[in-house]
Every structure is written in structure tokens, then in C-alpha cells.
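Reviewing the structure listed below.
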Protein chains: 2
Amino acid sequence: MAVPSQKHDVFQAIADPTRRQVLQLLGEQEMPVTVISGHFPISRTAVSKHLRILADAGLVKERKVGRETRYRLEAEPLMELKRWLAYYERYWENKLNVLKRFVEADDETSGGNSFAALEIVDPNQPE
Amino acid sequence: MAVPSQKHDVFQAIADPTRRQVLQLLGEQEMPVTVISGHFPISRTAVSKHLRILADAGLVKERKVGRETRYRLEAEPLMELKRWLAYYERYWENKLNVLKRFVEADDETSGGNSFAALEIVDPNQPE
DNA sequence: ATTATACGAAACCTTTTGGTTTCGTGTCAA
DNA sequence: TTGACACGAAACCAAAAGGTTTCGTATAAT
């Protein structure tokens, strides 16, 4: 379907805190530029540029209504982020499992040195 | 590549494609700077700076072994990303549900205008 | 018709970013 | 002890990012 000319990618688009706040705002409802910029300490033009970047990444859609341009959230491109993230989940899940095992073991033995126990279980000890 | 000792956040850290590739590399195994930089067309020093930024964001941990510094992936900080993302999942899931409903309806009626059907279901129609 | 609003394009400025080269220091190898 | 290696700090640079102000052009309101 409508593949936008990817000048900006999603990762870059959400890197800026202001843009993340804009997305959050637009999650509530569609709104025109002036209203959006009313929520920020920067100029309307600056917000407009952020919106362009978000639009380039496909995270926002615009629609003209009279003399105003209303923007709304378009969340689908975030699926790419989710996919990217999924790859790494196993890493921290493994870490959490290690911690869980440790806590359970400690519950039973209620004696050993915490750090020593973690040291033993930790798999990263080459050399 | 200004590398202030200030904390870099995760969003910013993963914004750069090179840094994402570095993370992926380190996902396979711990490795020293020279080996890492061997996978990229940029200088060792440049890679070193990327590693610093990743370390500031907590995405990477370093360990000195002899004359080399080995880096390894540290995925936990990505949980912040996951939490951020979770907020937006409902949006695209809703979109997908709308599409699903539309497809199912079309299966049954096999006649209506696609766009008209979507228009009716779409909730964003103020004015 | 005239004035006010809404907004983007342009030009411009400063800071940050991603990169380079050069150099100093610590560490292993002969 | 004399090199060779691994690496970070520093100084430097071009380009991108994030802002601002100014201006032109639609559209609405009076």
C-alpha cells in the first residue's frame, strides 16, 4: 500500500523527546498544528517540522480541513520497532530467569551470599 | 561525535543504524573493539565512540581482558522501549481488527465498496 | 473588500552528530 | 628491551538536527 518515501525511519523519528510527546498527544485525538504547538515551549514552525519528520516515518497522517491541517497518530510503523525489539527480549528474559532462579534458591537455602550465587549462575565467564 | 559523559537514553542510542548493528553483533557473543570494528567500514575510533554511547545508555557493558576491552550486550534497558511501545499497541491492533472485520464482512456479502466499508467503521470522523 | 488565522517554505543560526587523524599509554610478544 | 598491538583522548571537520524569524498564500470572518 502507500509506501511513503522513507526519508526518515521510525527509529530516528522517535529518538526525539518532543516528537514522542507529540505522538502521545495525537494518541488522544486528531488536532491541528496550532493546538499541538500550544503544548510545547517551541515555535509553531518547529513543531511543524517535527510533524513532517513523523509523517516521513509514517507515524502521523495529515488531513486538511478548511484552513487548518489536522494530524492524527498512525501507529502501524511501530510494528517494525516491535519486531526489532522481539529479537532482544530473550536476552533480558534470560537475565530475569536467572534472577528468578536465584531468588527461589535463596528462599530455600536462606543463607548464601547473593553475589556469589549470581556469579555461579552467570553464563558470561569466558577466560 | 560529541560524547559527553551525560547519560544517553535508549531511544537515542538505537536511533543510529550502525549502533543497532553493533548490538546485533554483540548479541552473538562478547568481543573486543578491534573485532567489532572489523565488521564496519568506519574507523576503530568511530566504533569506539558508538560503544561509549551504547554504554551510556546501559545497552552494553565493558570488561578489560589484558590489553583488550571486551564488550557485551546488556538488553535490560530495552525494557523501557517495550513499555513505551506497549502504550501504542492498542492503536495498531485496533486498526488490524477493523481490517479483519472488514475482510470477514466482505467474505459474507462479497459486494460492497471496500473504502466505503472502511469509512463507516473508522472512528476518526469529527466534522 | 478587508482583515485575521493557519500554516508551510525559506533563509539563517547554533549545537550535536558521526566521522577522521594523530598521539600517548598500557600490555603482550620476541 | 624493543617492538607491535589494543585502545581511548584530543583536536578537528562537514553535515545534520533543532530552533528562530520572516514572508507568501490559502481560507475564514467582518
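Protein chains get the first letters and strands the later ones, always in sequence-line order, with residue 1 at the start of each. Below, each value reflects all heavy atoms present in this structure, side chains not excepted, and no hydrogens, waters or symmetry copies.
Not one side-chain nitrogen or oxygen of A/Tyr71 sits closer than 4.0 Å to the OP1 or OP2 atom of C/dC7. Remark: B/Ser43 is not in phosphate contact with C/dG19, judged by side-chain N or O atoms under 4.0 Å from OP1 or OP2. Taking side-chain N and O atoms only, B/Gln12 has a distance below 4.0 Å to OP1 or OP2 of C/dT17.
A/Leu54 places its CG atom 11 Å from the P atom of D/dG18, with the value rounded to the nearest Å. The separation between A/Arg52 atom CZ and C/dG8 atom P is 7 Å, rounded to whole Å. Distance B/Leu51 CG to D/dA6 P: 16 Å, rounded to the nearest Å. Taking atom CD1 on B/Ile53 and atom C1' on C/dT16, their separation rounds to 10 Å, with Å as the unit. For the pair A/His8 NE2 and D/dA17 C1', the interatomic distance rounds to 8 Å; values are reported in whole Å. In this structure, A/Arg70 atom CZ and C/dG8 atom C1' are separated by 18 Å, rounded to whole Å. The distance from atom NZ of B/Lys64 to atom C1' of D/dC5 is 13 Å, rounded to the nearest whole Å. Across the protein-nucleic acid pair, B/Phe11 atom CZ and C/dT17 atom C1' stand 20 Å apart, rounded to whole Å.
Judged by distance alone, the side chain of A/Arg70 and the main-chain N or O of A/Glu30 form no donor-acceptor pair under 3.5 Å. Checking side-chain atoms of A/Tyr91 against main-chain N and O of B/Gly27 turns up a donor-acceptor pair under 3.5 Å.
Side chains of A/Phe40 and A/His50 form no contact here, defined as non-hydrogen atoms less than 4.5 Å apart. Looking only at side-chain heavy atoms (C-beta outward), B/Ile14 and B/Leu59 come within less than 4.5 Å of each other. A heavy-atom distance below 4.5 Å is found between the side chains of B/Met31 and B/Leu26.
Between atom CD of residue A/Gln29 and atom CZ of residue A/Arg72 there is a gap of 13.5 Å, rounded to the nearest 0.5 Å. Atoms CD and CG, from A/Glu74 and A/Leu23 in turn, are 11.5 Å apart once rounded to the nearest 0.5 Å.
Applying the side-chain contact (heavy atoms from CB on, under 4.5 Å) criterion to B/Thr34, with sequence neighbours excluded, gives B/Arg44. For B/Gln24, the side-chain contact (heavy atoms from CB on, under 4.5 Å) test picks out A/Tyr87, A/Tyr88, with sequence neighbours left out. Applying the side-chain contact (heavy atoms from CB on, under 4.5 Å) criterion to A/Thr45, with sequence neighbours excluded, gives A/Ser43.
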Practice task
Could you run through nucleotides 24-30 of chain D and give me one letter per nucleotide, 5' to 3': B if any protein heavy atom sits under 4.0 Å from the base, S if only the sugar-phosphate is that close, - if neither?
Solution key: ---BSS-
Completion exercise
Going 5' to 3' through nucleotides 10-15 of chain C and flagging B where a protein heavy-atom sits under 4.0 Å of the base, S where only the sugar-phosphate is that close, and - otherwise, we get BB----
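A heavy-atom distance below 4.0 Å to DNA chain C is reached by none of the residues of residues 32-40 of chain B.
Between the side chain of A/Arg44 and the base of C/dG8, a donor-acceptor pair under 3.5 Å is found.
Between B/Glu89 and B/Lys82 there is no salt bridge, since none of the side-chain N atoms of the basic residue sits less than 4.0 Å from a carboxylate O of the acidic one.
Note on B/Glu62: nothing from the nucleic acid sits closer than 4.0 angstrom, heavy atoms only. B/Ser48 comes within 4.0 angstrom of sugar-phosphate atoms only, judged by non-hydrogen atoms across all strands, and of no base.
Of all nucleotides listed (D/dG18, C/dA9, D/dC7), D/dG18 comes nearest to the side chain of A/His50.
Nearest heavy atoms, A/Gln12 versus B/Ala15: CA-CB, 4.3 Å.
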